[in-house]
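Report on one structure; see the data block that follows.
By convention in this document, chain letters (A, B, ...) are assigned in the order of the sequence lines, proteins followed by strands, and residues within each chain are numbered from 1.
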Amino acid sequence: MSQLSHLEELEAEAIYIMREVAAECEKPVMLYSIGKDSSVMLHLALKAFYPEKPPFPFLHVDTTWKFREMIEFRDKMAKKYGLEMLVYTNEEGAKQGINPFDHGSAYTDIMKTQALKQALDKYQFTAAFGGGRRDEEKSRAKERIFSFRNSSHGWDPKNQRPEMWKLFNTKLFKGEEVRVFPLSNWTEKDIWQYIRQENIEIPSLYYAKERPVVYRDGNIIMVDDDRMRLEPGETPVMKKVRFRTLGCYPLTGGVESEADTLDAIIEETLSAVSSERTSRVIDNEAAGSMERRKREGYF
Amino acid sequence: MQSLLKFITCGSVDDGKSTLIGHMLYDAKLIFADQEKALELDSKVGSRNGQIDYSLLLDGLMAEREQGITIDVAYRYFTTERRSFIVADTPGHEEYTRNMAVGASFADLAVILVDASKGVLVQTKRHTRICSLMGIRHVVYAVNKMDLINYDKYDFQDIQRQIKQMVSEYNFETLHIIPVSATEGDNVTKPSNKMGWYKEGTLLEYLENIDVTDHSDETGFVMPVQRVSRPDHTFRGFQGQIEVGGISVGDEVVSLPSGEKSHVKSILRTNQEVTTAGKGEAVTIQLEDEIDVSRGCMLAKDVNLHCGKMFTSRLLWMDDSNLVAGKNYFLKIGTKMVPCVVMNIKYKVDVNEGNHVQTDRLYKNEIACCDISCADKIVYDEFAHHKELGGFILIDRVTNMTSACGIVEHSLRRDDNLTWHTMDITRDLRAQQKGQNPKTIWMTGLSGAGKSTLINEVEKRLFALGKHTMLLDGDNVRMGLNRNLGFKEQDRIENIRRVAEVAKLMNDAGLIVLTSFISPFASDRLRAREIIGGDNFIEIYVSTPLEECEKRDVKGLYKKARAGEIPNFSGISSPYEPPKDAEVEINTTGKTIEESVDYIMEQLESIL
């Protein structure tokens with residue numbers, strides 16, 4: 001074993017994976033969802049290929065309901081590093097007015113899962129990097145670093161290719177693709193410590209700040225723009241909150257927090273009493289819901 | 001800085017692996033509150049009513065929860081005050097052995113569970129063998145379910161003896177045996193008050209303290225090249241992870257297999273310019289001179305590596321389809337991928353006793369000793385010296401499946417003693433003399449598709465054009481050169497190999513070769529294409545459909561096959577895999593011989 005620290009070992013592993021994909025896969029793309037994991041992925045990609053720019057484009061699937069600040073942050077990063085940033089929206093869905101208030105899980109399917117499939121088909125990507133970690137959820141804990149999808153983008157959990165040592169088999173048939181998760185072995189805590197160590201820029205939504213919010217079904221939802229539908233009796237109040245994950249603002253629960261520095265966030269994370277995906281409303285439906293959605297092509 | 005320990009749990013099904021890890025996480029308050037809540041909810045609907053079922057914490061896939069077994073590896077992450085851990089919980093069922101091996105290839109240490117009420121089982125032996133094969137040097141046997149044998153000291157000592165006898169054939173660096181109860185929590189994270197006779201601490205304490213650092217002094221330097229980075233004409237850097245030793249600016253390195261030397265001009269550790277870098281680090285190295293380095297090469301200094309095509313290996317077969325000698329695969333070792341052939345199966349290893357067993361095929365989850373021959377020179381080391389330079393995988397060329405993993409035991413010097421002699425009269429000169437372009441025209445298709453008739457007519461036309469040709473017919477070849485081959489799978493593979501080698505020799509002699517074989521398997525045709533050389537291989541697919549061939553049934557073979565008199569008849573009782581990218585395709589249904597041959601000649605005109 002090496003004398004590398006825990007974080008150095010994880011960093012080297014992720015870089016190795018990124019370079020293997022760049023060398024062996026025909027048309028890679030890095031999915032960029034603007035959150036902290038994406039920020040770490042971008043940072044690693046910049047380091048992995050330096051002084052070259054990352055030799056693949058970035059793809060953001062925009063549901064049109066992201067926090068406004070996320071979009072500003074995305075554009076700022078793309079400009080700062082001269083990235084090829086592809087933005088894809090399911091225009092059909094947007095035209096039909098599919099929204100998180102009226103359409104529930106159909107919204108996630110149409111504007112996220114379907115949109116991602118459409119984007120991958122449109123550009124014919126053969127490998128897509130994602131920031132997924134095995135510590136996030138039980139079915140993720142079983143996923144390989146190289147996770148193969150059939151031509152309809154589905155995952156077959158009972159038939160995963162063996163992954164030995166770091167000898168990745170990247171062979172694909174036409175129409176197949178592989179999702180690659182370089183952060184598989186990172187934990188939420190590792191992510192935060194790495195952000196601190198490397199001084200990685202992340203959207204300020206992660207830091208506690210006074211924000212207009214409503215309390216709904218046990219979640220704290222931010223009123224990010226005037227499309228937010230208030231239910232009878234709801235009035236936005238200013239609360240000091242922060243977000244542990246970033247997504248579509250009407251579906252992303254915040255937490256009341258005083259943590260407005262990285263150290264405070266890490267402190268809070270270490271003593272966390274609920275794992276981060278609780279704040280995503282869709283995961284709670286039933287145990288196994290994540291696996292079901294992944295088989296259908298969700299990232 | 002905290003160190004990281006990667007370990008696996010393994011052992012037979014129902015020995016309580018998931019429960020042990022679940023309990024460890026639960027006890028140490030290492031699980032998040034909502035997962036704990038989900039666990040309690042799941043437990044209520046699960047089969048083990050009432051009490052918390054710790055294994056539900058780990059068995060993540062729906063099929064696993066329903067069946068109460070673990071199919072695939074689950075990775076869990078936890079940190080104590082002393083150490084960070086990644087634990088891969090692996091499946092116990094024999095059926096899922098390959099997933100257990102995936103976990104083992106990733107770990108530095110194995111916790112192997114043994115059911116105290118059952119003792120050492122076949123699966124315990126199998127997992128021990130695989131742990132050793134995958135390069136794990138530290139093992140802990142957790143003798144579980146001590147509660148079921150009343151925490152009896154003497155029963156434990158009996159199992160301890162069984163274990164020590166079993167591991168005597170392996171070279172593990174450390175061995176530790178500890179009595180536990182995963183459901184009750186004895187000796188997991190807290191010392192047991194029921195086993196006062198055992199004083200060597202808890203499992204967690206042991207894992208927190210064990211040193212798994214490789215203490216062998218590593219001199220020299222090796223880095224397999226992952227990619228060449230050329231952002232502009234001023235920069236040419238070789239990217240990779242240092243697998244052995246370290247490197248400094250100014251050091252002389254050799255590029256293998258070319259053997260060209262140069263000095264290190266600069267080193268980037270990720271994006272930082274440094275003067276020296278060490279094992280495990282991701283670097284980009286620039287050299288002083290423009291020497292031959294590409295992906296799959298190795299940069300090395302002061303090490304003895306093998307550079308050759310043939311070696312003896314130990315394989316774990318992981319594919320549903322069997323291995324027979326002579327089959328060819330892609331081999332991936334380090335960052336190099338090459339076509340290879342498994343030349344023979346010397347013996348397989350009986351999992352139970354370790355005996356060598358003669359065999360002509362290898363089934364899923366079996367371990368065997370095989371010789372492998374690669375199409376190109378590869379650079380490697382014995383696995384026992386350098387895990388990273390001696391482990392490989394085999395990839396099926398048709399299905400893309402990872403069919404096997406293996407380790408290099410030693411190199412075979414045979415190939416080093418043969419030298420390719422270069423002749424003054426070359427293939428090109430011989431071809432020029434004949435005024436033609438020597439190619440092999442490989443005709444494939446079902447029996448009765450019209451191959452023999454067509455190939456015969458095509459040769460007549462070429463002959464009339466003044467071309468020098470030779471026709472190799474399947475049946476004729478089997479009466480002479482291949483008289484000693486039958487129709488078993490390995491014979492069929494050898495049949496095609498010989499025909500391809502002969503065709504290649506004749507091409508070298510300047511001849512245009514025509515062959516007509518059913519050659520139903522894509523992998524065999526691919527092999528022929530590789531031996532003959534892609535540029536010289538013209539595949540003609542006679543795609544006359546089965547119904548039409550069967551209607552014709554010139555030799556009466558389909559009738560016999562339908563009656564079950566001919567086993568493995570292509571198209572009936574054995575598959576025919578149609579070519580996906582044949583150079584020429586012709587369906588003879590409704591065409592005269594004349595029309596069909598005209599069409600083929602038209603297609604060949606531009607190629608020959």
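Only the side chain of Leu268(B) has a heavy atom closer than 4.5 Å to any heavy atom of chain A. Neither the backbone nor the side chain of Ala104(B) comes within less than 4.5 Å of any heavy atom of chain A. Contact annotation for Met318(B): only side-chain heavy atoms (C-beta onward) come within less than 4.5 Å of a heavy atom of chain A. Neither the backbone nor the side chain of Val225(B) comes within contact range of chain A; no heavy atoms are under 4.5 Å apart. Using a 4.5 Å cut-off between heavy atoms, Met337(B) touches chain A through its side chain atoms alone. Only the backbone of Leu172(A) comes within less than 4.5 Å of a heavy atom in chain B; its side chain stays farther off. For Phe235(B), the part lying near chain A is the side chain, with the backbone staying farther off; criterion is any non-hydrogen pair under 4.5 Å. Neither the backbone nor the side chain of Phe148(A) comes within contact range of chain B, judged by heavy atoms closer than 4.5 Å. Neither the backbone nor the side chain of Arg269(B) comes within contact range of chain A, judged by heavy atoms closer than 4.5 Å. Only the side chain of Lys166(A) comes within contact range of chain B, with heavy atoms under 4.5 Å apart.
Taking Tyr50(A) as the reference, nothing meets the ring-ring contact (aromatic ring centres under 6.0 Å, His included) condition, with sequence neighbours excluded. Taking the side-chain contact (heavy atoms from CB on, under 4.5 Å) definition, one finds that Ile200(A) meets it with Ser39(A), Val40(A), His43(A), Tyr194(A), Ile195(A), Glu198(A), sequence neighbours left out.
Counting heavy-atom pairs closer than 4.5 Å to chain B, the top-ranked of the candidates Glu24(A), Met164(A), Glu20(A), Arg19(A) is Arg19(A). For the set Gly103(B), Ser105(B), Ala88(B), the entry with the most heavy-atom pairs within less than 4.5 Å of chain A is Ser105(B). The residue among Leu46(A), Ile15(A), Asn185(A) with the most heavy atom pairs within less than 4.5 Å of chain B is Asn185(A). The choice from Thr284(B), Thr399(B), Thr402(B) that makes the most heavy-atom pairs within less than 4.5 Å of chain A is Thr402(B). Contact tally against chain A (heavy-atom pairs below 4.5 Å) for Gln239(B), Met134(B), Glu388(B): the top residue is Gln239(B).
A salt bridge links Glu11(A) with Lys47(A); the closest basic N to acidic carboxylate O contact falls under 4.0 Å. A salt bridge links Asp320(B) and Lys364(B); the closest N-O separation between the charged side-chain nitrogens and carboxylate oxygens is under 4.0 Å. Ionic pairing of Glu52(A) and Arg230(B) is not present here: no N-O contact between side-chain nitrogen and carboxylate oxygen is shorter than 4.0 angstrom.
Taking the six-membered ring for Trp and the full ring otherwise, Tyr380(B) and Phe392(B) have centroids separated by 6.0 Å or more. Aromatic ring centres of Phe129(A) and Phe181(A) lie farther apart than the 6.0 Å criterion allows.
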Open item on the list: Please determine whether side-chain hydrogen bond (donor to acceptor under 3.5 Å, both in side chains) holds for the pair Gln226(B) and Thr335(B), giving the CA-CA distance in whole Å, both sets of side-chain angles, and the decisive distance to 0.1 Å.
Closed with: CA-CA 6 Å; Gln226(B) 284 191 281; Thr335(B) 58; over 6 Å; no

Task: Criterion ring-ring contact (aromatic ring centres under 6.0 Å, His included) on Tyr329(B) and Trp317(B), from CA distance to verdict - done: CA-CA 13 Å; Tyr329(B) 295 88; Trp317(B) 198 252; 5.7 Å; yes

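Counted by atom type alone, Glu281(B) and Gln241(B) present zero donor-acceptor pairs between their side chains at under 3.5 Å.
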